Number of protein chains: 2
Amino acid sequence: MSVTSSRKGTAGRKPAVSRDAIIAAALKLVGPHRSVSTLSLREVAREAGIAPNSFYRHFHDIDELAVALIDLAGRSLRQIIGAARQRATTERSVVRSSVETFMEQLGADEKLLHILLREGTVGSDAFKQAVERELQFFENELCADLIRLAKANDARLHEPALTAKAITRLVFAIGATAMDLPREKHPEITDQLAVMVRMIVAGSQTMAQNRAIRP
Amino acid sequence: MSVTSSRKGTAGRKPAVSRDAIIAAALKLVGPHRSVSTLSLREVAREAGIAPNSFYRHFHDIDELAVALIDLAGRSLRQIIGAARQRATTERSVVRSSVETFMEQLGADEKLLHILLREGTVGSDAFKQAVERELQFFENELCADLIRLAKANDARLHEPALTAKAITRLVFAIGATAMDLPREKHPEITDQLAVMVRMIVAGSQTMAQNRAIRP
DNA sequence: CATATGAATACACAGTTGTATAGACAACCG
DNA sequence: CGGTTGTCTATACAACTGTGTATTCATATG
């Protein structure tokens with residue numbers, strides 16, 4: 001996967017720093033007050049310990065680095081989803097445990113999830129599309145889970161896809177604001193978020209019932 | 001309010017460009033691919049037709065300009081709220097008309113609302129706090145409306161404040177993504193958003209009922 | 001009118017940025 | 001071994017940034 005290991009016997013000097021090392025350097029620079037879109041090529045190169053021009057050997061653009069970061073964050077997100085799914089068994093706990101897992105990861109992972117949460121609204125088109133792709137993925141997984149859960153509980157959902165979209169966007173929006181808050185507030189926000197998600201699910205079920213009764 | 005009109009009879013030259021003119025110039029520069037936080041002092045001054053240093057006569061920082069822009073956008077948002085309230089009479093139409101007004105303004109106003117929607121996640125702390133203030137305002141107004149509506153319909157809400165928060169964050173999140181889409185998609189998004197909001201309201205009412213029946 | 005005073009300016013400076021060019025180094029192949 | 005090839009570095013450039021200092025300009029007041 002990395003550049004260092006993908007050399008297929010061709011001649012030439014071995015790369016001193018791997019593509020992943022540059023990504024790691026960029027990750028060290030981003031923080032609550034530093035967005036990926038404001039990273040400069042020279043800055044990243046300096047942090048990685050290479051000459052500015054060497055950057056081009058690994059990425060064509062600085063935007064390409066940004067997209068790579070988002071992809072990485074996306075993989076982290078999928079891991080979260082997997083963990084949440086393993087912990088989710090009953091209907092009562094699926095909302096709670098999913099939200100909890102999300103917020104826990106938000107506190108632990110710091111950087112990666114932050115990128116995904118906050119950089120969706122700024123940056124180039126390629127940038128936004130990369131984030132949107134990850135959100136769509138999250139949304140689709142959630143939609144499948146919702147349908148599966150509804151069936152197990154003999155309940156019906158009004159427009160499951162829309163329900164999933166609402167939950168996804170809400171969780172990410174609330175998560176984005178939670179990032180800037182001190183960690184002590186996270187439990188409170190987790191509670192609030194769980195209630196909010198339950199509202200959406202309950203509303204979707206209620207609307208499905210009404211639609212069925214009075215078409 | 002403006003600098004030009006607040007001169008209290010002291011000696012000295014009249015300001016050539018008003019503070020508002022600089023704000024207008026900054027507004028001309030922001031767009032779907034240009035965030036307020038990336039505006040440079042020189043760039044704004046150039047657009048306003050003044051020397052770079054003259055900027056300091058009106059704003060201490062470039063961040064101060066950003067906050068002024070957010071305040072302006074906030075006033076625009078309050079106007080939207082007012083318009084939506086006037087159009088909202090029955091329960092059926094209050095969600096629909098509010099969402100419609102919001103999306104209409106999103107298409108018409110372009111710049112101002114965009115700032116409020118997208119710049120909340122990046123920038124300095126003063127920046128974020130200014131946006132958060134406006135969101136809180138929106139949230140409080142909405143909460144009052146929700147309670148009023150629930151009373152009129154003999155319904156109850158589960159945690160009205162949380163309900164308002166969920167709706168607010170969702171509307172803003174969806175609105176932020178809608179900005180980047182072509183205007184033809186706006187009607188579709190408006191429909192989706194209206195359904196989502198109704199889900200939250202319905203869920204809040206359902207949860208209030210269940211809580212009342214089975215405490 | 002003269003003068004004080006605030007506004008706007010011109011110029012300068014040190015810093016940063018992205019990138020072009022050219023050379024030095026190291027690994028592989030024949 | 002020599003040659004080829006790809007990677008890295010050094011240097012340089014023009015454009016840009018924020019801001020400091022000194023100067024000019026216009027105005028209200030004495």
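What you see is a predicted model, and the numbers here were worked out from it, not measured in a lab. Letters A, B, ... are given to chains in the order of the sequence lines, protein chains preceding strands, and every chain is numbered from 1.
Taking atom CD of residue A/E43 and atom C1' of nucleotide C/dT17, one finds them 11 Å apart after rounding to whole Å. Atoms CZ (A/F55) and P (C/dG18) sit 9 Å apart, rounded to a whole Å. A straight line from CG of B/D61 to C1' of D/dT19 spans 12 Å, rounded to a whole angstrom. What separates CZ of A/R42 from P of D/dC13 is a distance of 14 Å, to the nearest Å. For the pair A/D63 CG and C/dG18 C1', the interatomic distance rounds to 13 Å; values are reported in whole Å. Between the CG atom of A/L29 and the P atom of C/dT17 there is a distance of 11 Å, rounded to whole Å. Rounded to whole Å, the distance from CZ on B/R57 to C1' on D/dC25 is 13 Å. Rounding to whole angstrom units, CG of residue B/L39 and P of D/dT17 are separated by 11 Å.
Of the side-chain N and O atoms in A/R46, none sit less than 4.0 angstrom from OP1 or OP2 of D/dT9. Between B/S54 and the phosphate of C/dT9, there is a side-chain N or O to OP1/OP2 separation shorter than 4.0 Å. Taking 4.0 angstrom as the limit, B/H58 places a side-chain polar atom (N or O) nearer than this to OP1 or OP2 of C/dA8.
Among the nucleotides C/dA20, D/dC8, D/dT19, the one closest to the side chain of B/Y56 is D/dT19. Looking at the side chain of A/N53, the nearest of the listed nucleotides D/dT21, C/dA8, C/dT21 is C/dT21. The side chain of B/S40 approaches D/dT17 more closely than any other nucleotide in the set D/dT17, D/dT19, D/dT27. The side chain of B/A16 has C/dA8 as its nearest neighbour among C/dG18, C/dA8, D/dT19. Among the nucleotides D/dT17, D/dA12, C/dT9, the one closest to the side chain of B/I50 is C/dT9.
Residue pairs that meet the salt bridge (charged side-chain N to carboxylate O under 4.0 Å, His left out) test with at least one member in residues 167-180 of chain A, sequence neighbours left out, are A/R118-A/D180, A/E132-A/R169, A/E139-A/R169, A/D180-B/K128.
To the nearest 0.5 Å, atoms CG (B/L41) and CG (B/L65) are separated by 8.5 Å.
In this structure, the side chain of A/S35 does not engage the main chain of A/E119 through any donor-acceptor pair within 3.5 Å.
B/S54 and B/H58 make their closest contact through O-CD2, 3.5 Å (heavy atoms, listed as atom of the first residue, atom of the second, distance).
Residues satisfying the ring-ring contact (aromatic ring centres under 6.0 Å, His included) criterion with B/F59, sequence neighbours excluded, are B/F55.
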